[in-house]
Each structure stands twice: as structure tokens, then as C-alpha cells.
Amino acid sequence: MRFSSCYIPTLKETPAEAEVASHKLLLRAGMVRKLTSGVYIYLPLGLRAIDNVARVVREEMNAAGFQELLMPSVIPGDLWKETGRWEHYGKELLRFKDRNDRDYCLGPTHEEVITDLVRGEVRSYRQLPVRLYQIQSKFRDEIRPRFGLMRGREFVMKDGYSFDVDDAAADASYAIMYDAYMRIFQRLGLRFRAVEADTGSIGGNFSHEFMVLADTGEDTIAACTSCHYAANVERAEVVWKGTPCTTGCSPYEQVATPGAHSVEEVSAMLGVAPERVVKTMLFTVDGKHVAVLVRGDREVNDIKLKNLLKAQDVQLASGEVVEALTHAPVGFAGPVGLDVPIYADAELQGATDYVTGANAADAHLLHVDLARDAVVTAYADLRAITAADCCPRCGAPIELPKGIEVGHIFKLGTKYSDAMHAVFLDENGKERVMIMGCYGIGVSRVVAAAIEQNNDENGIIFPPQIAPVQCILLNLDPGKEDVSAKADEIHDLLEEQGVSVLLDDREERPGVKFKDADLIGAPMQLIVGGKGLARGIVECKDRRTGEKGELPLATLPEALAAWMETVRQGWQARMA
Ligand code: ATP
Ligand code: MG
């Protein structure tokens, strides 16, 4: 490939709209362009990176026994009405009508289509398992499309689906996918973690997210520093080891706390530490109101609340609801005399001598003993894990790194097969519902995540498996015939060795070429110039380490192969 005949519109300035590194760099390196909010054109180099990810994904999916198919992106609304998602999916689903006034949507995911396909064909247990996948552009009308390819509205996804005869077989499909995902992200050269994710109504350990570790990640992981435990903080269990307090306290009394709404304000005004304050949060759960109590220095985890109450929808109660229930402005809610079911975090069991809201304007209560003064419906793990908590498995300290979700595997059970009547006859001729699993990878997001994890002030540092080209070959003197001839020769040599190469043959100053080479981020750089040739060498640079070297022209093929191997091994070692 020659730069002069490629469409690689690099930019000197960082576009103002981009906030995170991957977005800035993909624009600057001439790899993507925005068409409209959350919708991008993948330019030739960007597309090569996406295709490289897709290739590894495809190879591992095929090796795992999944077969590729391609479903349409335009989906009849009727299928989505069968599962109820036409109503429930919300505004992320882009719905439209055809000329005959029939409903359609652009596929954000394909459970309905694949289940429709399989129920139409599969009759007998002998035809199962069915394991299929596709790689396709999805559309989700995200509320906040941002960060370029990280959260687009149109993006490339690999979505796989399995249909099995029973739970054990479905668990085997799940395990096969878990292993395949581990191989995929290892091969892609990314530092990542597989983390337990929320399974909602399905339960069990049958949802994992694959997180690329990067400070700009939108997710937080609770990762054990000692054992293999890692979970999305949405799910991470909190083990409360403390013993309930049994010593009582004096009767509670109301004190004035004018204008003190937040825990910080209350604790400052009363001179009481935040951990001695109970925070009372009101939620609307499937239309009914409940209160949740946590210590003042903790946060409620609303996913845990949703799972505890087996609810569909959990929202913070509106200001009006809070005022109606507590007869006070927001900020003074408390458990004493509150007439809604009260759920308290396990840590508050036996809590005595606490400060709580008084359910009256500008007032709090001192000396509240929860068991004595309030009616708590249940104590449960309801709070978000913190760095001060310990691993729920082994008790070692945990850390809370940020991650970017690049893959998600999920045992669906019979959610869709029940709704859409995807059944088969078992060996006794009895009708049974298929057990499903679904397995996604955000192919375009992987490219962005790789850049978030690997970049510096000069540009992208692509892992070799993802890089649009393995090597950028700089011809510093394109005007000189002997230099150009040597650059051409090396270009052809690399291609013969199966190494993708971009030869910068432009009539540009060396400074411009060095900058663009670093920006585009090929893992290897080779520099050919008149001065080097006179000394019988070409220069080489490892983009990741910045290490430079010289390769003798006399033994170039061998020297080059050896150096490239060192660069690749450096990437491998970094993974370990
Ligand atoms: P998120 O929580 O980030 O919105 P999700 O849970 O909605 O993700 P899934 O439905 O599991 O995602 O989709 C499978 C994969 O597709 C995700 O793991 C992610 O890598 C990718 N993905 C999801 N939404 C987007 C998006 N808007 N832009 C790019 N990739 C996405
Ligand atoms: Mg989403």
C-alpha cells in the first residue's frame, strides 16, 4: 500500500467535538468520519482495523463450532410484538413504517429474528444444538451517543445465539463461548478481564462481561487482588462481616437542621460522622414506593434492589412523591414513622444511635435505634461495593479499575423461546422449549477500546492483531531514485513475508511523515533515507516502546524478520 494513493485524511488539529483519546485519534488518523450523531463512516484504515478484529472473532467462533449467517437489519415489528419488546425496548429501538403502513425496526440485536428462524426449522432434539452467529451493523438510538466508536448509534456487532435441549447442554454452549471469548481478547492483544455481570431474572453465574481495562471506561469492576473473582460493581456482592450492635441508646429526639439536606451538610451541622447517619432513599418500583436505607457514606445499588424485589423497573422517586410521603422537602426522609416498605442494607442490622431524617422540614432525629424505632421489612445486600470492602470469595482486598465492555455472554434460558414458542420433540416425543444463550462482541467498540488502552501524546499504539497495517515504511527522500528503489524493494519484501505495509511515498517533509506514522500507530516503523543507505542500514522503531535500532541492508530479510519477531514478543509479554 502506498500512502500517496490511499485515502488517509490525517488532521493536525484535534477536532473540538472529541472528548476521549480513541475518538480524537480515530478522527485525526483519518480512520473515521462522523456522518451524523453516533453514525460514522469507516475510512479505509479504520475499516482495516475493524476487519482485523472481525477476522479473529470469526476464526474463533468457527473453531468453537458456531456457523456464520447474516440476518437482515430491517426487522418486521410483528416479531418484536411477540416478545413484548416492541413496547418495552424504549426509544433505543428505531421504529418506522413501510408504504403499506406496516411496522418495522432497525435491528439493535437479533433474538427475535433468530428464534423465528429456528422455530420454523427445528422439530427434533436430533437437530440441536443450533449455534449461529453474524457480524453486522446494529442500530440503537442511544440517548447519549458519545466517544466516537465507543458508543455509537450505528456500530458493528458480532452476535451469536445457541439453542439447546436442556440446561446442561445450554451451560455447555455457554462454557464454549466463555473460552472462545478468552481466546479472542487474548489474541487481540488487549489487557482485559472477564467479570461476572448482572443476570437479572435468570440468576446464577451465567452472564459475563469482557472488559478492556482502561481509565476512560464507563464501567467499574470489583476485582480481587488475590483470587480470580471479578464482577461488575453493579453486581459485586458485599460481604458484611461486622457483628450487629446490641447495646441500646436513649430515646430518639428531634433536632433542627435548617437547610441541611445532604449527608455531608447534616453531619457537619450535627458534628456526627457520615457513617453514623442513615441515608433514606425513596424509590418507585414497578409503580409502588419503597424506602432503602444505607449508611451515610454508602451508595444504594439499584440493580440489587431490582433483583431483591424481582422488579421490572426501579426509579428514584420523584420530588413530589418524596414530599407526599415524608411531608417534607427532599432531604429529610427517615425510617421512623415512614409508611412504605423499608429495605435496609445488611450493614445496618442492629444499627443503634444513628442520625436519620425526621420526615419533617429542616429536622433530623438523633439516637435512632432501627429495630426499636422503625419497621424494617428486610435487611439485604443493597449497597454498592467500595474499595474498602473485601473480596466476597476469599476476603483479600479488592481494587476498582475502570473497564470498557467489549463483550457480553448471557444465558437467556427460555425468555424468547417461551414467548415465541420455539419448541422441539425430545426422545420421548414430548414437546419441550429450547434453552437459549446469546453472545455479543462490540467489534467496532473493540477498536476504540484498544486505542483507549494503548496510546500516547503522539497517537495510537495499535496491538499487532488489530493494526490496520503492521508496518509503516517511511521513504524520507522520495526524490532520490536509489532511496525510492530501496523503499520499493523493502515494501515488496514485507508483502512477500505476509506483513501488511504502508509505504509513505508522499512528497512531504520527514517531520510530517514521522508525525503521521506515530499517529496512525502501526506497531512497526521502518525508515529509509539517503544517509542510512550510505551507511548500509535502514532504521527501525518499535512504536510501543519507542526503541530504535538499525537493520543492516546486507542481511535485511533475516534482520527484519528477527526484529519483527522481537516486537511481537514484546506485545505478548505485556499480556502476561
Ligand atoms: P452498554 O451497557 O455499553 O450499552 P449493552 O449491555 O447495551 O452495552 P449488549 O446488548 O450486550 O450491550 O451488546 C453487545 C456488545 O455490543 C456490548 O458488549 C458492546 O461491546 C457493544 N455495544 C453495545 N452498545 C454499543 C454502542 N452503542 N456502540 C458500540 N458498541 C456497542
Ligand atoms: Mg446499551
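Whatever order the structure lists ligands and atoms in, that order sets their numbers, starting from 1.
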Close approach, Met150 and ligand 1, non-hydrogen under 4.0 angstrom: yes
Output a table of donor-acceptor pairs, distance under 3.5 Å, between side-chain atoms of residues 6-22 and any protein atom two or more places apart or on a different chain; print 'none' if there are none.
from  : atom 1 : to     : atom 2 : distance (Å)
Thr10 : OG1    : Asp516 : OD1    : 3.4
Thr10 : OG1    : Asp516 : OD2    : 3.4
Ser22 : OG     : Glu452 : OE2    : 2.7

Just to be sure I read this right, does ligand 1 sit under 4.0 Å from the backbone of Arg140, its side chain, both, or neither, counting only heavy atoms? side chain
Heavy-atom contacts under 4.0 Å between Leu149 and ligand 1: side chain, backbone, both, or neither? backbone
Under 3.5 Å side-chain donor-acceptor pair for Arg574 and Asn454: yes
Can you sort out which atoms of ligand 1 are near Gly407, meaning under 4.0 Å from one of its heavy atoms? 18 (O)
Within the 4.0 Å heavy-atom shell around Glu142, which atoms of ligand 1 are there? 24 (N), 26 (C), 27 (N)
Is Val406 close enough to touch ligand 1? Criterion: a residue heavy atom under 4.0 Å from a ligand atom. yes
Check each of Phe410, Phe147, Phe210, Phe155 against atom 30 (N) of ligand 1 and report the one with the nearest heavy atom. Phe155
Distance from atom 1 (P) of ligand 1 to nearest protein heavy atom, with residue and atom: Arg151 NH2, 3.5 Å
Just wondering, more than 12 heavy atoms not from Asp215 lying within 6.0 Å of its CG? no
Pair Lys304, Asp381 - check salt bridge (charged side-chain N to carboxylate O under 4.0 Å, His left out), show working. CA-CA 7 Å; Lys304 290 181 178 177; Asp381 172 16; 3.0 Å; yes
Within reach of ligand 1, part of Glu405 (heavy-atom separation under 4.0 Å): both
Which residue and atom name correspond to the protein heavy atom nearest atom 11 (O) of ligand 1, and how close is it? His408 ND1, 3.2 Å
For ligand 1, is there an atom lying under 4.0 Å from some heavy atom of Ile404? no
Side chains of Tyr133 and Asn62: do they bring a donor and an acceptor to under 3.5 Å? yes
Check whether any side-chain N or O of Arg445 sits under 3.5 Å from a backbone N or O of Glu405 as a donor-acceptor pair, and report yes or no. yes
Residue and atom name of the nearest protein heavy atom (relative to atom 21 (C) of ligand 1), distance in Å to one decimal: Gly442 CA, 3.5 Å
May I ask whether Gly152 places a heavy atom under 4.0 Å from ligand 1? yes
Rounded at 0.5 Å granularity, tell me how far CZ in Arg58 sits from CZ in Arg55. 10.0 Å
Close side-chain approach of Pro129 and Phe163, heavy atoms under 4.5 Å: no
Polar contact flag, side-chain donor to acceptor under 3.5 angstrom, Ser162-Tyr439: yes
